[in-house]
Amino acid sequence: MGHVNNAVYLTYLEQARFSQWGALWGFGEQPVPGNRKPGVILARVEIDYRKPARYGDRLEIRIALAGIGRSSFTYEYEVAGTDGAVVAVARSVQVMYDYGLGHPVPVPDDIR
């Protein structure tokens, strides 16, 4: 249909988060044996589409921490074209999660 499919924006947001986490706390590096850091799960995401992005457009994903709770944190995003026009705005909630225990855990101090 000539525009970026709505589901692709979830991948854009994910790439922005993973890039930030890699820069801030080494997310994605090889795990250290015995290190039991919790994982992160996506609990909620909402996207408001402002104008269509087209195939081949170069987009900038802007990400900001909107809030942090006991076991979760919230990001706000802007997806913008090279002309600066906002294509979409989004918000996501991530939860620190212990996969071994099967439940949320507090955000570690070194990540906070």
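No more than 12 heavy-atom neighbours from other residues, nucleotides or ligands sit within 6.0 angstrom of CZ on R58.
Grouping Ile, Leu, Val, Met, Phe, Trp and Tyr residues whose side-chain heavy atoms lie under 4.5 Å apart, directly or via other members, leaves V93 alone, with no other cluster members.
Taking the side chain to side chain contact (heavy atoms under 4.5 Å, CB included) definition, one finds that N6 meets it with Y49, sequence neighbours left out. A search for salt bridge (charged side-chain N to carboxylate O under 4.0 Å, His left out) contacts involving D110 returns K37, not counting sequence neighbours. Scored by the side-chain hydrogen bond (donor to acceptor under 3.5 Å, both in side chains) test, Q20 finds Y75 as partners (sequence neighbours excluded). Residues satisfying the ring pair (Phe, Tyr, Trp, His ring centres under 6.0 Å) criterion with Y55, sequence neighbours excluded, are absent altogether. For R44, the side-chain hydrogen bond (donor to acceptor under 3.5 Å, both in side chains) criterion is met by E46, not counting sequence neighbours. Partners of E76 according to the salt bridge (charged side-chain N to carboxylate O under 4.0 Å, His left out) rule, which considers only residues two or more places apart in sequence or in another chain, are R91. In terms of the side chain to side chain contact (heavy atoms under 4.5 Å, CB included) criterion, residue partners of E60 (sequence neighbours excluded) are, by chain and number, R62. For I111, the side chain to side chain contact (heavy atoms under 4.5 Å, CB included) partners two or more places apart in sequence, or in a different chain, are W25, M96, V107, P108. For V8, the side chain to side chain contact (heavy atoms under 4.5 Å, CB included) test picks out V4, N5, Y12, with sequence neighbours left out.
Formation of a donor-acceptor pair under 3.5 Å by the D83 side chain with backbone atoms of A85 is found in this model.
At a threshold of 4.5 Å between side-chain heavy atoms, the hydrophobic network of Ile, Leu, Val, Met, Phe, Trp and Tyr places I41 and L65 in two separate groups. Cluster annotation: V89 is not connected to I63 through the hydrophobic network of ILVMFWY side chains, with a link wherever side-chain heavy atoms come within less than 4.5 Å. Using a 4.5 Å cut-off between side-chain heavy atoms of Ile, Leu, Val, Met, Phe, Trp and Tyr, with links allowed through other members, L42 and Y99 fall into different hydrophobic clusters. Clustering ILVMFWY residues whenever any of their side-chain heavy atoms sit less than 4.5 angstrom apart, transitively, puts F18 in the very cluster that holds V45.
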*Decide side chain to side chain contact (heavy atoms under 4.5 Å, CB included) for I68 and R112; before the verdict, give the C-alpha distance in whole Å, the side-chain angles of both, and the deciding distance to 0.1 Å.*
CA-CA 8 Å; I68 189 164; R112 188 176 286 277; 3.8 Å; yes
_Between V95 and F73, does the side chain to side chain contact (heavy atoms under 4.5 Å, CB included) criterion hold? Intermediate values first, please._
CA-CA 7 Å; V95 175; F73 50 101; over 6 Å; no
*Can you list the steps and then say if I47 with L10 is a side chain to side chain contact (heavy atoms under 4.5 Å, CB included)?*
CA-CA 9 Å; I47 303 172; L10 293 170; 3.9 Å; yes
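Summarising the geometry of Q94 relative to Y77, their closest heavy-atom pair is OE1-OH, 3.9 Å, with the distance given to 0.1 Å. Nearest heavy atoms, A90 versus L13: CB-CD1, 3.6 Å. Across all non-hydrogen atoms, the minimal contact from V87 to G81 is CG2-N, 4.0 Å.
Put simply, OH on Y9 and CG on L59 are 6.5 Å apart, with the number rounded to the nearest 0.5 Å.
Within the structure, side chain to side chain donor-acceptor pair (under 3.5 Å) pairs that include any residue of residues 63-74 do not occur (at least two apart or interchain). Every pair tested for salt bridge (charged side-chain N to carboxylate O under 4.0 Å, His left out) that includes a residue from residues 99-109 fails, sequence neighbours excluded, so the list is empty.
A 4.5 Å side-chain heavy-atom check between P38 and Y97 finds every atom pair outside the cut-off.
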